[in-house]
Amino acid sequence: MLKPWRCCLPLYLLGLVTPGLVLAGHSFENTAIVRTIELGGSLVHVTTTYAVKALEDGSRLYTLALAEREHEKTSWLEAKIKGEAATLPLEEFGYSPDGDAYLYTVELPKALKLNASTNLVVDVVQTHVTYPWPAQAAQADGQSLKYETDLFVLSPYRTAVQRTKLRSPDPQVHSYTTLDDFDDFTTESPVTKSGATITYGPYYNIPPSANKEFIAEKQKHIAVHFAYDHPMLEVTSLKRAAEISHWGANLNIEDQMTLHNSGAKLKGHFSRLEHQSSHFYGRPSPQMLPALTLHLPAGIHSAYYYDLNGNVSTSRLRQAPSVPKGAQNNLNSIMELRPRYPLMGGWNYSFTLGWDSPLRDYAGWDRQSGKHVVGIPVMTIINGAVVNDAEIKIILPEGATDIDFFPPFPPLKSSLSTHVTYLDTIGRPAITLHYKDLTYNHAGTIYVTYKVPFSAHLRKPIAVATAFLSVFLVAFAAKRVDIRIQKK
Ligand SMILES: *[C@@H]1O[C@H](CO)[C@@H](O)[C@H](O)[C@H]1NC(C)=O
Ligand SMILES: *[C@@H]1O[C@H](CO)[C@@H](O)[C@H](O)[C@H]1NC(C)=O
Ligand SMILES: *[C@@H]1O[C@H](CO)[C@@H](O)[C@H](O)[C@H]1NC(C)=O
C-alpha cells in the first residue's frame, strides 16, 4: 500500500544499504529521544539517540524521519545500536506522501518482542548549515555564526519524552530562541542554558510528528547565535588525479584544490601591517587561515606544491617511511602548507599539491581472479572542512582490461574514459567519480581491479623503442639532407 511513493533515488552517502526493505508497518514507541547538536563552522555533528520500544512481536524495521531542512543539509547519516560498532542497514525512501518528512528505514539486528526495547544511535554530519552573522567583519573583529533548526525531532511514532541539546564550541552564546509563551508538551521551562549548552525540553507525550498536521501546528523554528573564532573552511573544488604506473612501480597523486573561507567577509581592505602587528602581539585575526597541516600518506616522495604564481617555498614536509600494506600503523607524512597570503573571510586560494608513492604500498594481486587490486584514497582530510565538489580520476596502466571499481560509498556519477599522455600508444583507461559535500567521514578507499595483458606490458618498451628509432631516423634523414646541401 505504501509502495507507490517509494523513492528510487540513488542511495547516496550511506553506510550499508540493503535493497528490498519495505516500509513495513511495525509499530514502535519512542520512550525517549535525545538529540545533541555539536555546533561548528562548516560541519555540524548531530547525534540522536532513540530509546525504542516494540509494540508488537517481531518488530524489526524502524522508520526514521528527517525534517526537510535537516535532510537537505545532511551529507552523512549512519545508524548503530548504542555501544556497538556495526552500522545498521538503511534504506532511503525519500519524502513521505505529503512531502513533509524525509524517511529512512533502519533494519534492527534482530526482531524485537512485544515490549522489548533497544537504543538506536543516529549520527549525522551536516554541511553548509551555519552562516556568519553579521556577514562581514573587520580584520580585528571576532566572528559569530548562526545555526537554525527545528525544535522537535520528527518521528512516525509516539514519543514519551524528548530533548534537544545544542553545544556551542565557544562559551560566548550571544542569543538563542527562548520560546516565550510556549507551553505545549511541558509544564517546566521550555528551554534552559547552562554554560555553552542550551537544552530544549524535556517535552512529554508527543504524538506521531512526521506528518503535515503536526508540522503545521506544533513545529517551531529555533536559532542559536554563537561566537566562532576560527576560519570556516570549504574546499569549493577538489580534482584528484591518481595515476597508476606499473612500469615505474609508482602511484602519483595530484590534488588541484580551491580553498574558500566562508566565514565573515573581510570588511574594508586587508592590512598586512595590522596582520603582522596582531601576530606580534599574539592576537592574530581569529577567522583567518594562516596555514594548513595535512596528513599525507607514509612513504611518499617528490612532493610538490605550487599555485598560480609558481612553486610555494614556504611549505614544509616531514616524510614518514613507507608502511607495509595492511600493517596497523598510523604513521603519516606531515605537510605544513602555508598559502602565499593568509586566507581571510570570503577569500579563495587555489593550488596544486602532488606526490609520488611506491605502488606496492597500494597495490596487490588477486591470485583467484588474476587481477591487480589497487586502493586509492578518496581524499586527504582537511580538518573541519567540507569538500563541496570532488572529482576523483583514477588513471590505469595502458591496455588495462576487465576494469571494476568499488567506491566506499556510491558516487553521484561515474564514467570511464581514455587518458592519453606522452609515450602512450592507445591511451590509458581512466575512471572518474563525482561527489558532493564530502566530510571527514568520507575519507575511504576506492578499490580498483583490472588485468594488464602481457602484450600491454610490452607496449610501453615498444613505444619507447619506436620513439628512439624515429628520433634516430629523423637524425639520419637530417644528416642526408645536410650532406646534400654541403655538396651544393
Ligand atoms: C507490555 O506492556 C504493557 C504496558 O506496559 C502491559 O500492559 C503488557 O502486559 C506488557 N506485555 C507483555 C507481554 O509484557
Ligand atoms: C620548490 O620549493 C621547495 C621548498 O619548499 C624546494 O625544495 C624545491 O626545490 C622547489 N622546486 C622548484 C622546482 O623550484
Ligand atoms: C571565491 O570563489 C567564489 C566561487 O567559488 C566566487 O563567487 C567569489 O567571488 C570568490 N571570491 C573572491 C574574493 O575572489
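All ligand and atom numbering here is 1-based and tracks the order in the structure.
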Exercise. Does any donor atom in the side chain of His301 or Asp356 lie under 3.5 Å from an acceptor atom in the other side chain?
Worked result: no
Problem set entry | Residues Tyr228 and Asp170: side-chain donor-acceptor under 3.5 angstrom | no
For this session: Do me a favour and list the nearest non-hydrogen protein atom to atom 3 (C) of ligand 3 with residue, atom name and distance?
Result: Asn348 ND2, 3.6 Å
Exercise. Salt-bridged, Lys239 to Asp255, with N to O below 4.0 Å?
Worked result: no
Exercise. Distance below 4.0 Å between atom 7 (O) of ligand 3 and any protein heavy atom?
Worked result: no
Exercise. What protein heavy atom sits nearest atom 5 (O) of ligand 1, and how far off is it?
Worked result: Lys53 NZ, 4.3 Å
Seminar exercise, completed: ligand 1 atoms nearer than 4.0 angstrom to some heavy atom of Asn115 are 1 (C), 2 (O), 3 (C), 8 (C), 10 (C), 11 (N), 12 (C), 14 (O)
Exercise. Within the side chain of Arg428, is there an N or O that forms a donor-acceptor pair under 3.5 Å with the backbone of Thr418?
Worked result: no
Exercise. Would Thr87 and Glu78 count as having a side-chain donor-acceptor pair, cut-off 3.5 Å?
Worked result: no
Exercise. Any N/O of Thr236 closer than 3.5 Å to an N/O of ligand 3?
Worked result: no
Seminar exercise, completed: re atom 13 (C) of ligand 3, the protein heavy-atom contact at minimum distance is Gly346 O, 3.4 Å
Exercise. Between Lys220 and Asp150, is the closest basic N to carboxylate O distance under 4.0 Å?
Worked result: no
For this session: Determine if the distance from atom 11 (N) of ligand 3 to the closest protein heavy atom is below 4.0 Å.
Result: yes
For this session: Identify, by atom number and element, the atoms of ligand 1 in contact range of Leu114, meaning under 4.0 Å from any of its heavy atoms.
Result: 11 (N), 13 (C)
